[in-house]
Amino acid sequence: MQTQIKEQGAPQVQMNDAAADTTPLLIIQPLRGLVSLQLPELWKYREVLYFLIWRDIKVRYKQTALGAAWAIIQPLFTMLIFSIFFGRLAKVPSDNLPYTLFSYSALVPWMFFATGLSQASNSLVSSSNLITKVYFPRLVVPLAAVLAGLLDLAISGVTLLLMMAYYHRGATAHVVWVPALLLLALVTSVGVSFWFSALNVKYRDIRHVLPFVVQLWMFATPIAYPSSLVPERFRVFYALNPMTGVIEGFRWALLGTNTVPGVMLIVSSSIAMLVLISGAYFFRRMETTFADVV
């Protein structure tokens, strides 16, 4: 009798147990046809995901003097630099908000996206010992790296609330949209991370290119300036950057700016979902070669 064991991301294995006293025959075959995402498999290995998230959190702040305070220091110092050069010297408008609050409110979701992308893109290479020794869905590795950033997001979010209290800016009724906007930032970060982490396994140049990509992406996002500076006829194209909808929507929902996302948010959400789905399929397609080249 022959039985066949199929597991996405792992080779197909056939076991021949015709005789009880003989060693089973293993026939390894490559996966063929359209790659399936096998999403239920992620739930099956959820404990691995929890372990990797906890590991990434501990490694991020291991042997650091300030620990989780870096979640506040990084966006805070970036805010100060933007306030000096863009707020005071360049006199960039800030949607009738104090420029420090204007920039910091954008840096909170941006830092979550950028840090998750940077950590996740190198996650497969840094987990090579684990990947080459045991099978589990490799999607959980970059996913865990992004989800580990939720702790930093929560800490910097508390700082933002304190700043809002200092400037006497209360949350608007649109605050109910904040979780959905943060979910959009998560989807964008995970989707882009799937692309870059898979490419980084084969092309190690990615880790050198990524800092430039993140820096350019930041200036292509309305963080230091409002999207109202972009001519209205170009705003739909501007929204092809998914983080544009996140940032403008975040300011609108939390601080009540006049720039209602509207069509911009719809376009950004559509692009984010496209990046996520295409990135997941590309990752799964490349997954069978990770153990050989990582």
Side-chain angles (χ1 to χ4, degrees), residues 50 53-54 56-58 60-61 64 66-83 87 94-120 143-193 214 217-218 221-227 241-257 259-261 265 268-269 272:
Y50 301 153
I53 292 174
W54 179 241
D56 289 343
I57 291 175
K58 291 195 298 183
R60 184 173 300 182
Y61 298 117
T64 58
L66 299 178
W70 284 108
I72 301 174
I73 294 173
Q74 288 178 329
L76 188 64
F77 274 82
T78 306
M79 176 203 70
L80 292 175
I81 294 173
F82 282 177
S83 298
S94 57
D95 287 343
N96 298 319
L97 293 171
Y99 190 86
T100 51
L101 183 60
F102 172 83
S103 57
Y104 192 84
S105 61
L107 286 168
V108 169
W110 171 259
M111 285 295 183
F112 169 68
F113 164 77
T115 303
L117 175 58
S118 300
Q119 297 289 335
L143 182 59
V146 175
L147 292 177
L150 290 174
L151 176 61
D152 290 0
L153 178 64
I155 296 172
S156 58
V158 172
T159 306
L160 176 59
L161 294 177
L162 294 176
M163 291 182 63
M164 290 174 60
Y166 176 80
Y167 286 109
H168 304 288
R169 302 287 304 198
T172 68
H174 303 299
V175 71
V176 294
W177 285 92
V178 168
L181 293 165
L182 294 178
L183 178 61
L184 178 57
L186 174 65
V187 167
T188 305
S189 183
V190 171
V192 179
S193 296
V214 172
W217 200 329
M218 182 178 67
T221 304
I223 298 174
Y225 57 90
S227 63
N241 170 9
M243 290 304 295
T244 297
V246 173
I247 299 301
E248 286 299 329
F250 198 76
R251 288 195 183 114
W252 165 75
L254 200 59
L255 302 174
T257 58
T259 309
V260 182
L265 188 57
S268 294
S269 301

(Q) Classify the ring geometry of Trp252 against Trp177: parallel below 30°, tilted from 30° to 60°, perpendicular beyond 60°. (A)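 The arrangement is tilted - the two ring planes meet at 30° to 60°.
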Measure from the side-chain N and O atoms of [X] to the backbone N and O of [Y], and report whether any donor-acceptor pair falls under 3.5 Å.
X      : Y      : result
Arg251 : Phe102 : yes
Ser156 : Leu153 : yes
Glu248 : Ser227 : yes
Ser189 : Ala185 : no

How many angstroms lie between [atom1] in [X] and [atom2] in [Y], if you round to the nearest 0.5 Å?
X      : Y      : atom1 : atom2 : result
Leu107 : Thr78  : CG    : OG1   : 6.0 Å
Met79  : Leu160 : CE    : CG    : 10.5 Å
Phe82  : Tyr99  : CZ    : OH    : 6.5 Å
Thr257 : His174 : OG1   : NE2   : 9.0 Å
Leu265 : Leu184 : CG    : CG    : 6.5 Å
Leu143 : Ile53  : CG    : CD1   : 6.5 Å

Q: Kindly write out the residues that satisfy side-chain hydrogen bond (donor to acceptor under 3.5 Å, both in side chains) with Thr221, not counting sequence neighbours, or none if the list is empty.
A: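 Thr221 satisfies side-chain hydrogen bond (donor to acceptor under 3.5 Å, both in side chains) with Asn241 once adjacent residues are dropped.
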For [X] and [Y], which heavy atoms make the closest approach, and how far apart are they?
X      : Y      : result
Asp56  : Ala148 : CB-CB, 3.9 Å
Trp110 : Val214 : CZ2-O, 3.5 Å
Thr188 : Pro242 : OG1-CB, 3.6 Å
Leu181 : Gly245 : CD2-O, 4.1 Å
Val187 : Ala272 : CG1-O, 3.8 Å
Gly116 : Val146 : O-CG2, 3.8 Å

**Q.** Listed partners of Phe250 passing ring pair (Phe, Tyr, Trp, His ring centres under 6.0 Å), at least two apart
**A.**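 Here no residue qualifies.
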Q) Listed by chain and number, what are the side-chain contact (heavy atoms from CB on, under 4.5 Å) partners of Leu161, not counting sequence neighbours? A)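 With neighbours one apart ignored, the set is Met164.
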Tell me, do [X] and [Y] make a side-chain contact under 4.5 Å, heavy atoms counted?
X      : Y      : value
Leu101 : Arg169 : yes
Tyr104 : Thr159 : yes
Pro222 : Thr244 : yes

Q) Got more than 12 heavy atoms from elsewhere within 6.0 Å of OH, Tyr167? A)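 Count over threshold, so yes.
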Q) Between Leu147 and Val190, does a side-chain contact (heavy atoms from CB on, under 4.5 Å) hold up when you go through it step by step? A) CA-CA 9 Å; Leu147 292 177; Val190 171; 5.8 Å; no
